[in-house]
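What follows is a single structure, written as structure tokens, with notes after it.
Sequence lines set the chain letters: A, B, ... in the order given, protein chains first and strands last, and positions in each chain run from 1.
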Amino acid sequence: MKASEMRGSLGKVAVALGDFAGVDRGAISRELALIESSLFFEEVTGFTLSDDEITSSNLGDVEAMRRFAAAKARS
Amino acid sequence: MCGICGFVSSDGIPERELVERMIGRISHRGPDGSGWYRDRKAALGQARLAIIDTVGGAQPLCNEDGSVWIVFNGEIFNYLELGEELKSRGHAFKTASDTEAIVHAYEEWGERCFERFNGQWALAIWDARRERLLLSRDRMGVRPLFYARSRGRFLFASEVKSLFADASLGRELDPVGLDETFTFWSTVAPQTVFKGVYELEPGHSLALESGRPEKKAYYRIAFPSRGEEPGQDIVENGARLREKLVEASRLRFLRSDVPVGAYLSGGIDSSVTAAIVARYTSAPLRTFSLRFADSEFDEGRYQAEMSRRLGTDHRDVVVSSQDIARVFPEVVRHAERPILRSAPAPLFLLSKLVRESGYKVVVTGEGADEVLGGYDIFREAKVRLFWARNPDSRLRARAVELLYPWMERSPAAAPSFGRAFFGKNLDPADPALSHRPRWDSTSAIKGLLRPEAGTAGFDAAARLVARMPAESSSWDPLCRAQWLEMTTLLPGYILASQGDRMLMANSVEGRFPFLDPELIAFANALPARHKLLALDEKHILKREFSDLVPESILRRPKQPYRSPDAASFFCGSGRDWIERVSSESSLEAAGIFEPAAVAALFAKCERVGGEKMSNSDNMRVLAVLSTMLLHEEFIVGDGSGGLAETPPGPVTVYDMVDA
């Protein structure tokens with residue numbers, strides 16, 4: 001997705017990202033949890049992340065994802 | 001629930017002996033009585049399992065002036081509401097059955113009537129004024145309906161064995177049907193494994209007038225474009241899902257004049273439907289479960305927990321590998337197609353328990369995985385698509401490890417195998433990306449085929465992909481995977497070999513709340529993430545019904561229903577038939593499989609007792625055994641199973657020829 005395409009629907013994306021709070025991920029490692037977060041983030045936002053963007057600060061929780069999505073949309 | 005059959009003759013008066021033989025061959029579908037109608041053009045037959053209006057609902061049944069006749073298999077759950085509307089429009093009812101509502105609905109709305117039905121059906125309407133036969137099948141393919149042409153006849157029936165009562169109909173396996181089965185696990189209607197025999201597609205009707213058949217779709221599986229789903233709020237969507245599932249379960253539990261039981265598998269879906277019945281109706285609940293002697297497959301702990309919680313009168317049957325081998329020939333005779341898993345056999349034994357317990361209707365959780373995104377294949381597809389966006393990514397390749405943590409030989413335990421398996425055919429533009437690993441691994445069976453039984457140049461997957469709706473390119477990838485699953489495995493295997501055929505073999509009707517048309521329409525319109533949220537399958541169902549189902553069941557890792565496959569056939573039981581159908585002479589005579597390749601496969605199984613075989617080898621063993629049994633029963637034999645071919649009594653006859 002191009003950043004300009006996502007900016008218009010940022011509110012909708014923020015709502016969709018909020019659904020991730022309900023995911024029960026059981027006992028998986030921190031790294032796998034991050035991979036699952038990035039999978040969800042890409043699904044909702046349409047962005048494709050590079051490996052070095054798959055970090056806790058970008059994807060650690062819903063609020064981090066929202067901030068990261070907004071930053072990606074601005075860039 | 002019943003069995004139906006009949007034919008239109010263009011070559012003389014329909015023979016009563018033939019329609020009686022056709023009914024006799026499906027008497028297991030309706031042991032409570034039978035009936036037939038005949039005029040100078042057509043014959044209709046029916047074997048009845050009496051569930052609604054048990055006294056007055058005998059078939060065939062007609063309209064007010066006797067010009068429109070029907071035989072019907074299934075249930076129209078909204079028949080009371082339809083009946084009220086039809087009465088207000090001047091139709092006079094003679095019975096309290098749902099069958100009669102169909103006749104009047106057809107008079108009132110013609111073929112558009114099917115759009116109004118909430119139910120599961122296969123039916124035939126003979127409009128004697130127009131000399132027109134109309135066949136129809138429910139939206140998702142719960143009830144089966146086959147047709148064929150023989151010399152001077154257009155035949156139809158609930159089961160192929162009934163068609164084969166007409167000795168002039170050729171009996172031959174169709175290489176295209178076998179190819180589809182050895183790709184998708186089932187044929188895709190109208191294709192069957194028998195040459196010249198067709199299955200009416202789900203959601204379709206077929207009209208035969210002046211000898212010409214014309215098919216129409218009254219329903220198509222559809223999804224909104226991605227991002228255009230009408231409701232985005234998961235709380236609101238959850239509440240609406242609850243309303244719809246409660247109503248669908250109530251309809252299926254309460255609209256019956258005989259007691260209705262429920263299956264409890266130990267998983268979420270059947271727990272939810274049983275819990276709804278317990279919470280929202282005052283009827284006593286009898287539950288039935290399948291257990292396995294082998295603890296690897298047994299879910300008894302969860303079944304017991306749920307039945308205790310609901311306070312049900314609970315019964316179970318414990319199935320061993322020996323049991324599976326013992327009943328397998330009968331299972332294949334009822335399935336009427338090759339089966340690549342032994343899983344239908346235990347379900348055959350479960351429906352036997354239901355019948356012996358005095359029940360003939362059960363509610364089950366089938367359909368939830370297809371409708372609400374519960375299958376592992378959907379999770380796999382999401383991981384593979386994620387990986388496909390950057391195949392060189394080290395992190396993305398590790399996503400495969402999120403799959404199957406419970407499996408002994410999981411990709412997590414053997415990451416290189418998992419990556420090699422799931423990393424094949426990673427083309428994000430492929431509309432069937434989700435299903436390629438399954439189709440590829442299943443297709444390994446074809447390596448056992450003799451060249452003359454193969455289909456050089458035929459590509460089953462390409463034919464199916466070409467049938468995908470043009471607009472599917474705008475759907476979410478999950479929805480495309482759901483479409484493929486709802487078009488192949490659901491009608492061809494889950495609802496057939498594991499569903500209708502195993503239930504009706506013991507005269508038991510299954511009812512499926514998750515396949516309610518309103519619920520499906522609602523679920524299809526959900527944002528995909530509400531169904532499969534990240535990798536959490538059936539997320540919205542678990543979220544919404546957490547008050548009715550214990551945490552231990554809601555949070556347990558998904559365990560697909562499985563039973564011992566190859567191991568069942570190398571444990572000493574069933575030796576007589578296994579040696580017979582897999583002998584070199586039988587294989588040579590059938591001309592389907594290469595005897596040397598089968599001998600090598602079976603020798604490998606013998607060495608390990610069928611244990612710890614690969615998924616491909618398990619499927620190959622099952623494919624050989626079931627196909628050879630099918631050949632023995634329907635190609636060498638005449639499909640009668642050597643059983644009596646007399647219609648079950650009492651017999652209702654409307655003979656307009658010898659009136």
Side-chain angles (χ1 to χ4, degrees), chain A residues 1-66 68-69 72-73, chain B residues 226-229 231-238 379 381-403 405-406 411-412 415 428 476-478 526-540 542-544 546 551 554-558:
Chain A
M1 176 182 273
K2 291 176 191 161
S4 58
E5 287 170 13
M6 210 205 73
R7 261 183 230 119
S9 58
L10 201 53
K12 209 167 159 182
V13 166
V15 170
L17 287 171
D19 290 339
F20 195 67
V23 175
D24 172 23
R25 291 185 288 182
I28 57 174
S29 69
R30 197 162 152 265
E31 188 177 16
L32 284 180
L34 263 183
I35 292 171
E36 189 174 11
S37 302
S38 60
L39 179 149
F40 177 74
F41 183 88
E42 289 191 354
E43 183 189 350
V44 168
T45 64
F47 288 122
T48 299
L49 304 179
S50 62
D51 278 8
D52 53 14
E53 287 178 309
I54 301 176
T55 62
S56 291
S57 58
N58 289 338
L59 305 163
D61 57 33
V62 169
E63 281 314 312
M65 285 190 209
R66 284 175 175 155
F68 184 46
K72 292 280 285 181
Chain B
R226 186 176 185 184
E228 292 178 13
E229 302 87 358
Q232 295 288 328
D233 186 313
I234 197 166
V235 176
E236 285 173 18
N237 284 340
R379 302 169 76 241
K382 192 175 267 195
V383 164
R384 294 178 67 241
L385 191 58
F386 174 70
W387 190 3
R389 286 190 207 111
N390 183 357
D392 300 327
S393 162
R394 182 190 59 82
L395 278 173
R396 282 169 198 267
R398 286 208 60 198
V400 172
E401 296 169 40
L402 288 161
L403 300 167
W406 54 272
D476 188 280
L478 173 67
L526 285 171
R529 69 177 187 281
H530 289 182
K531 292 180 270 192
L532 180 58
L533 185 59
L535 295 177
D536 188 21
E537 78 280 356
K538 288 181 289 195
H539 176 80
I540 194 166
K542 292 189 277 192
R543 187 182 197 283
E544 187 56 34
S546 58
E551 278 285 305
L554 280 177
R555 301 297 163 207
R556 62 182 288 216
K558 165 96 177 157

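With a 4.5 Å cut-off on non-hydrogen atoms, B/Val235 does not touch chain A at all. Proximity to chain A is absent for every atom of B/Arg543, based on heavy atoms less than 4.5 angstrom apart. With a 4.5 angstrom heavy-atom cutoff, B/Leu532 touches chain A only via backbone atoms. Using a 4.5 Å cut-off between heavy atoms, B/Lys382 touches chain A through backbone and side chain atoms alike.
Heavy-atom minimum distance, B/Gly227 versus A/Lys12: O-NZ, 2.9 Å. Residues A/Asp51 and B/Ser393 share a closest heavy-atom pair of OD1-OG, 2.5 Å. The shortest non-hydrogen separation linking B/Leu533 to A/Phe40 is CD1-CE1, 3.2 Å.
Looking at B/Gln232 and A/Asp19, their side chains never come closer than 4.5 Å, going by heavy atoms from C-beta outward. In this structure, the side chains of A/Glu43 and B/Arg226 come closer than 4.5 Å at one or more pairs of heavy atoms. The shortest side-chain heavy-atom distance between B/Arg389 and A/Leu49 does not fall under the 4.5 Å cut-off. Here the side chains of B/Arg396 and A/Thr48 are in contact, with some heavy-atom distance below 4.5 Å.
A distance of 11.5 Å separates CD1 of A/Ile35 from CH2 of B/Trp387, quoted to the nearest 0.5 Å. How far CG of A/Leu34 is from CG of B/Leu395: 8.5 Å, rounded to the nearest 0.5 Å.
Counting only distance, with no hydrogens or angles, the side chain of B/Glu401 and the backbone of A/Leu32 share no donor-acceptor pair below 3.5 Å.
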